[in-house]
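In what follows, a single structure is set out as structure tokens and then discussed.
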2 protein chains.
Amino acid sequence: MKNLPSIDEVARLAGVSIATVSRVMNNSKPVNPETRKRVERAIAATGYRGNAAGRSLAMAQSHLLMVLVPDFANPFYAQIVQGVESVIRPAGYKLLLTDAAGDEAPHTTALDAIYNRLADGVINLAHLNDDGTLLGELRNLPWVNCSEYLPKAGPPYVSIDHRQAAIDAVQFLLNRGHRRIGLITADETYRWAQLRHEGYEMAIERAGLKPDAQLVRLAASLDYDAGAQAAGGLLALLEPPTAVFAVSDTLAIGAIKAFRRAGRRVPEDIAVVGFDDLPLSAVFEPALTTVSQPMRELGATAAEILLARLSGQRPASRTLGHQLVVRDSA
Amino acid sequence: MKNLPSIDEVARLAGVSIATVSRVMNNSKPVNPETRKRVERAIAATGYRGNAAGRSLAMAQSHLLMVLVPDFANPFYAQIVQGVESVIRPAGYKLLLTDAAGDEAPHTTALDAIYNRLADGVINLAHLNDDGTLLGELRNLPWVNCSEYLPKAGPPYVSIDHRQAAIDAVQFLLNRGHRRIGLITADETYRWAQLRHEGYEMAIERAGLKPDAQLVRLAASLDYDAGAQAAGGLLALLEPPTAVFAVSDTLAIGAIKAFRRAGRRVPEDIAVVGFDDLPLSAVFEPALTTVSQPMRELGATAAEILLARLSGQRPASRTLGHQLVVRDSA
DNA sequence: CTGAAAGCGCTAACAG
DNA sequence: CTGTTAGCGCTTTCAG
């Protein structure tokens, strides 16, 4: 690649100092209109565009924000990232994306980015090991957690109220007259899974029903198959549930497929409620009744918090609203 | 954020010059084991991690690669990005992601990144306006196009043979005895749409059938609804098709929904073949018969080409294989 | 309103 | 094997 023009070529051509060129590039200080015109012409003539590294070094800012994503291929995260970008870009920042999958220590990557000054801040969507020290450290860094509910001691976060959302979902089933409601949960080192599980238990108890451990199934992963398998366990019960709440749509869909294969109709024989409202969930048949999270807004809010943090404020965590979307599966 | 230690603090603490610190940081030159140890201790003591901007400036390399994505939320692209990252990361590069949607001039953003030296190279997944000048310019830059077939005059690309893939899909339908085959195509400024359309026409003609313009419908977008609407047009024909090839799975699924709503069974009354093999397509019922592209491999190959380009080689374009996945919809 | 000059933090000759 | 030194390209006082 050929050598790019640098600021002093432009200065020489325009017959000004590099300081002036810098000023017109950034509109940072008033410049005489005539001079400005000359500089602009020189910029156009040379095709000068500036050099990011020089700029970053001088300003001690990279204008890059890192987003740590657990899994690119999951559209759930993709929408959050869109939300992030929508507020970051107008503010002059760019996205440094890292897939936490395949990274032994994902948050180390992100921490490095900050300490390296590669990124000015981090928005983390990935699971954080509840290491007390880590949380304390993050608190003092330009770091925001998104879609994971964190203890007060940690950095600010944006999330929905997972527990309440689960209560809403189960309450909906209760309102429809269901009394035997199963739960398909996922790895509960994920705090959202744990919270949704808690919500399920609370709703059941509040309704005066007695919890039945047999009705709770732990899916091996978030895949359809894992959902189907967990559903199979429920079906095998002497007294199977008449309704199931799954902590994610993928699990719910897997469960529905399993129920159907076993000759059960959904929702007539067994109702299913999911969580997330993936794009797929509306298209699937029966269309899924599920809890929808404001994905883009989660991302946008996280970005706003981070930007506020970068401008020296101390923004608080935020909890956004969720919504039960009633469709055909329950 | 507190001030980070810089290289000369480490040097002072270790009693060496900054050059030596640099050498142990990068393992760039032999260093006496004893000295190294002292430096390492100083690094640990200060928590020194280096500064990306200083490094970039001195080396004239950012170790950042930009990927220009038309739409984050589309899982198709997400998988390509995963492929890219899988080869980029071990090579010490990081991903700078940009969503082309909502950007008036997406490739300008990418070009800026190169000219700014913000990124060392670009992998573009977005549609490129066939501006002859642009293609010529890109040819000389560290730029690779992925999943779009480009003229020879442009920069290297990685893609499948869209035309042949479409021929395969339609031929499959012909082999099953269909003689009246509809096409649901999309905005043909997308070269892949245009090529798949061409493949459709070629297969029809080779089979000795005469093309019928009425059987070709242009969907307004790639949404399910657009597919449904196009399908409606086909259904309204005096002599509707017995099979349909849609240039994308989303369109195919929309079409299936429309057919079902109209009381047609798929595939019994009307067979449908899609394109892309989205994750959803296997889960949908009926499971979609479709053409699958090697997404991750497309991304990985693009990254390899770009890396080769960066190391001074002149890698050629590559065409990867596709595969017809026969499931239940046809 | 403009210029000179001092860095920002690092790498890479070059000398020793 | 190690230190000195000259930049890399830019922003930002500080004078004028």
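Computed over heavy atoms, backbone and side chain alike; hydrogens, waters and symmetry mates excluded.
Distance check: B/Arg191 CZ to B/Leu128 CG gives 12.0 Å after rounding to the nearest 0.5 Å. To the nearest 0.5 Å, the span separating CE on B/Met66 from OG1 on B/Thr109 amounts to 7.0 Å. Going from atom CG of B/Asn124 over to atom NE2 of B/His107 covers 9.0 Å, rounded to the nearest 0.5 Å. In this structure, CD1 on A/Ile160 lies 9.5 Å from CG on A/Leu195, to the nearest 0.5 angstrom. Atom CG in B/Leu95 sits 5.0 Å away from atom CD in B/Glu85 (nearest 0.5 Å). Rounding to the nearest 0.5 Å gives a distance of 5.5 Å between CG of B/Leu135 and CG of B/Leu150.
Residue A/Tyr115 places no side-chain N or O under 4.0 Å from the OP1 or OP2 atom of C/dG9. Remark: A/Arg55 is in phosphate contact with D/dT11, judged by side-chain N or O atoms under 4.0 Å from OP1 or OP2.
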Protein-nucleotides 12-14 of chain D N/O pairs under 3.5 Å:
none

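The listed nucleotides are D/dG9, D/dT4, C/dC10; the one nearest the side chain of B/Ile7 is C/dC10. Side-chain proximity of A/Thr20 to C/dC8, D/dC8, C/dG3: nearest is C/dG3.
Residue B/Thr46 comes nearest to B/Pro5 through the heavy atom pair O-CG, 3.3 Å, listed as atom of the first residue, atom of the second, then distance.
Note: NE2 (B/His63) to C1' (C/dC10) measures 12 Å, nearest angstrom. For the pair B/Asn116 CG and D/dC10 P, the computed distance is 9 Å after rounding to whole Å. Rounded to an integer number of Å, the gap from CG of A/Leu57 to C1' of C/dG7 is 9 Å. Atoms CD (B/Gln61) and P (D/dG9) sit 14 Å apart, rounded to a whole Å. If you measure from atom CZ of A/Arg117 to atom P of C/dC8, you get 12 Å, rounded to the nearest angstrom. Summarising the geometry, the separation between CG on A/Asn51 and C1' on C/dC10 is reported as 14 Å, rounded to the nearest angstrom.
Checked against the 6.0 Å centroid criterion, the rings of A/Phe72 and A/Tyr77 do not qualify as a close aromatic pair.
Between the side chains of B/Gln82 and B/Arg296, a donor-acceptor pair is found at a separation under 3.5 Å. For the 3.5 Å distance criterion, the side chains of A/Asn26 and A/Arg55 qualify, holding a donor opposite an acceptor.
Less than 4.0 Å separates DNA chain D from no heavy atom of any residue of residues 8-15 of chain A. Within residues 31-46 of chain A, no residue places a heavy atom under 4.0 Å from DNA chain D.
Not one N or O on the side chain of A/Thr20 forms a donor-acceptor pair closer than 3.5 Å with the backbone of A/Val16.
At a threshold of 4.0 angstrom between heavy atoms, the contacts of B/Val21 with the nucleic acid are absent.
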